[in-house]
Structure formats: C-alpha cells, structure tokens
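Just so it is clear, the structure is predicted and the values come from calculations on it, not from any experiment.
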Amino acid sequence: MTIKKGKHTVCIHQGQIKDEQFGGSISPIYMASSYPFLDVEKNRYPRYFNTPNQEVISSKVAALENAEAALPFSSGMAAISTSLFAFLQNGDHVIFQNEIYGGSYNLVQKDFARYGIEYSFTKGLDVRHFENEIRDNTKVIYIETPSNPLLSITDVKAVADLARKHGILTMIDNTFASPLNQTPLDLGIDISIHSATKYLSGHSDISAGVVAGSAKNIEKIMLQARNLGGNLSDFMCFLLERSIKTLALRIEKHNENAQFIADQLSLNPMISKVYYPGLKTHKNHEIAKSQMHGFGGMLSFELNKEFDSKVFQKKLLMIKPSMSLAGVESTIIQPSLTSHALLSVQERENQGISDNLLRLSVGLENKEDILADIEQALR
Ligand SMILES: *Cc1c(COP(=O)(O)O)cnc(C)c1O
C-alpha cells in the first residue's frame with residue numbers, strides 16, 4: 001500500500017537511493033557512464049536519462065508535480081526546447097502567451113520559422129485571447145504563470161479546458177511558482193516545465209531543468225531528448241537532490257517574506273506600483289488564489305518618476321543587482337536594461353515595463369532586513 005506523503009516528506013525522502021554498501025544516510029553518487037548491457041532490465045546511460053541519480057530527480061519532481069513521470073535536463077532551456085520539439089513538426093502551429101521568458105521568446109523567434117513551425121503570440125492573457133489564435137493545425141498551447149517580470153496571472157484551468165476541447169496539448173513554464181505553489185497537472189495541464197536553476201536549486205549554484213507529465217508524454221520527450229542530448233550530469237543530480245530536500249521549507253519562507261515586502265511597499269509613497277499576485281490589488285488576485293497554493297517569492301515594483309532606478313540599485317547594501325533569481329539571497333534587476341533591453345521604449349511602455357520598474361527576487365534573509373535595505377536606498 002502506498003500512503004500519500006506530505007510535501008516536506010516528499011522533498012526529503014522521495015526517490016532516494018539506499019546505500020546498500022555502507023548504510024550512509026544520503027543517496028550515493030554514481031558517476032558511471034557505462035553499465036552492463038546483457039541480461040539487464042534496462043540499458044542505463046546518461047543520455048538515456050536513466051542513471052540512478054537521474055532517476056532520483058525524476059521520482060522527486062514527479063511526486064511534487066503530481067505527475068506520473070519526470071526528467072532532469074542540463075538547463076531550463078534544454079527542458080523547454082526539447083519538450084516543444086518533441087511535439088511539434090513542420091507544418092504545425094503553436095500558441096504562446098504574450099508574456100514569456102526571454103530565452104523561450106528567442107527560441108521561438110529565431111528558430112521556429114527555420115523548422116517550418118508556425119506560431120502566434122496571444123494579444124492578452126484572458127482565455128478568449130487563446131481561443132482567438134487557434135487554427136486547424138494548432139498542436140500546442142504554451143503558458144507561463146506567474147509571468148516575468150509583471151507577475152501576470154493566466155487562468156490555468158480555463159486554458160487547459162479550452163485546449164482539451166480542441167485536442168491541443170498544453171505546456172506550462174512553472175518556474176516562478178515552483179511545484180510547491182502550483183501543481184498545473186491538477187488543473188488539466190499536460191506538461192509542466194521548470195528552470196531548476198531557480199527555486200528547485202535555490203542556492204544560485206546549479207544549472208538544470210525538469211519536465212513532468214504523464215508517462216506517455218514523458219516517454220515521447222525522452223526519445224527526443226536522447227537525440228538532442230540535454231541530460232543532467234549525475235553530480236548535478238546529486239546537488240539538485242540536496243537542494244530539493246529544503247524546497248518546501250524554502251518556499252514557505254519565500255512566500256511569507258514576499259507577501260510582507262509587497263504589503264509594505266504598497267504603503268510606501270515613494271513607490272507608484274507593486275505587482276504581486278498575493279496583493280488584493282493585483283488584477284487577477286482571485287484567479288491566483290484559486291490556482292496557487294502560495295504566491296511565491298517574486299515581485300515587481302515601480303519607483304516614483306523622480307527616482308533614478310540605477311542610482312537606487314547602487315545604494316542597496318545587501319540586495320544584489322543580479323541576473324538570476326530564486327536564490328536564498330535577495331536579488332534585484334531592472335528589466336528595461338536586461339530582459340527587455342532590445343525592445344523600443346514604446347514597446348516596453350505598451351507592455352507596462354517602464355525604466356523605473358524593478359523585479360525583486362525576495363530571498364530568505366530576515367524580512368525586516370530586506371525592507372530596511374530598500375527603505376535606506378530610497379532615502
Ligand atoms: C531562468 C528561466 C528559464 C530558463 O532556464 P535556464 O536554466 O536559464 O535555461 C525559463 N523560464 C523561466 C521563467 C526562467 O526564469
């Protein structure tokens with residue numbers, strides 16, 4: 001009999017390799033790239049995604065996502081590109097929501113036309129915006145919620161229902177929520193993808209990605225993955241397993257800290273806007289509440305016009321201006337100079353991304369210290 005375990009327990013124990021040799025309390029690392037071939041149940045090989053340490057990650061992530069199966073990749077983009085190419089071919093059409101991660105956007109813009117894959121971006125995030133883009137040859141709908149950098153919310157179940165009705169496969173980039181705050185398969189999504197470089201790792205020292213879904217869909221992605229070769233090394237699997245042990249604990253604290261900072265910044269007259277799905281003032285707070293188990297550690301805010309956001313970032317003493325996110329340490333970034341630098345000022349304005357918009361990855365420091373740093377920089 002299998003007993004359904006709590007998420008903290010799953011994070012710590014699920015999939016762990018028993019150390020038969022010495023009885024050590026953690027999974028041993030098996031670095032072998034060569035395994036027996038004759039008379040074995042499966043042929044193990046790193047690029048077949050089935051080494052012992054890879055299987056630990058698959059088992060843990062599948063359990064956290066309430067999925068039948070999962071796979072570990074060498075980066076979030078390896079997971080995203082492999083999943084898309086597994087289900088799309090020449091002549092197919094795919095719908096992307098209009099706010100997606102910069103790397104995913106580049107993949108679509110630069111490569112899809114060359115492979116004869118048609119695509120469209122929605123004009124908004126309501127379900128009707130997705131419906132508007134459906135064509136006879138639409139095979140995949142791809143969403144990302146909460147989105148980067150404005151923490152916009154897409155109604156996951158509504159989009160999944162729409163896609164089901166039309167026999168279209170659905171994928172979600174679930175990175176910002178983490179599997180603790182959002183389990184999209186429960187809402188009808190087919191494939192959930194993460195940049196494990198972010199919350200699953202959590203310590204800014206791993207590059208990895210994961211994909212979760214039904215056994216059938218994951219098998220299809222795995223067969224594509226064997227050819228593209230984006231597998232995660234066993235040593236990185238070990239590090240990622242170590243990180244995931246504290247994932248549930250970390251996410252609880254990220255949620256608490258980010259809600260506190262969002263609430264406090266909302267009251268600050270030097271800040272004109274705060275974007276956080278946990279705020280009642282967020283446009284889609286009710287949808288977020290219905291589909292998320294927690295609101296996450298990411299938020300954005302806009303400084304009043306008289307501020308220079310570059311000067312503000314330089315005045316921060318603890319919070320680091322930094323490219324990545326989701327670490328134990330708080331980091332901040334100005335999207336107009338980074339992820340959205342290639343857009344014109346007008347294009348940025350249309351998307352609601354002003355020069356004074358800052359995206360904050362709220363870390364696990366004492367929340368009063370994070371707030372104090374922001375307040376002293378504003379002064
Ligand atoms: C970072 C990120 C990715 C890409 O992941 P890599 O590990 O950098 O390849 C994809 N989606 C989101 C939302 C991200 O934040």
Query raised in the report: Can R250 be said to sit on top of Y199's aromatic six-ring, NZ or CZ under 6.0 Å from centre and within 45° of the ring axis?
Result: no
Does any donor atom in the side chain of [X] or [Y] lie under 3.5 Å from an acceptor atom in the other side chain?
X	Y	value
H93	S120	yes
N356	E302	no
Q224	T82	no
Q54	T51	yes
S266	D263	no

Query raised in the report: Can you name the ring-ring contact (aromatic ring centres under 6.0 Å, His included) partners of Y30, sequence neighbours left out?
Result: none
Report task. Could you list the residues that satisfy ring-ring contact (aromatic ring centres under 6.0 Å, His included) with Y275, not counting sequence neighbours? Result -> none
Would you say the side chain of [Y] lies within less than 4.5 Å of the side chain of [X], judging by non-hydrogen atoms?
X	Y	result
V159	I189	no
D155	L125	no
I333	M323	yes
S34	R44	no
I143	I141	yes

Requested in this report: May I ask you to say whether K42 pairs ionically with E55, meaning some side-chain N is under 4.0 Å from a carboxylate O?
Outcome: yes
Assess the pair [X] and [Y]: is the distance between their ring centroids shorter than 6.0 Å?
X	Y	answer
Y115	F85	yes
F176	F295	no
Y105	F121	yes
F307	F312	no

Query - Partner set under side chain to side chain donor-acceptor pair (under 3.5 Å) for S204, not counting sequence neighbours - result: E329
**Report entry** Identified ring pair (Phe, Tyr, Trp, His ring centres under 6.0 Å) counterpart of Y142 within the set F96, F87, Y101
**Finding:** F96
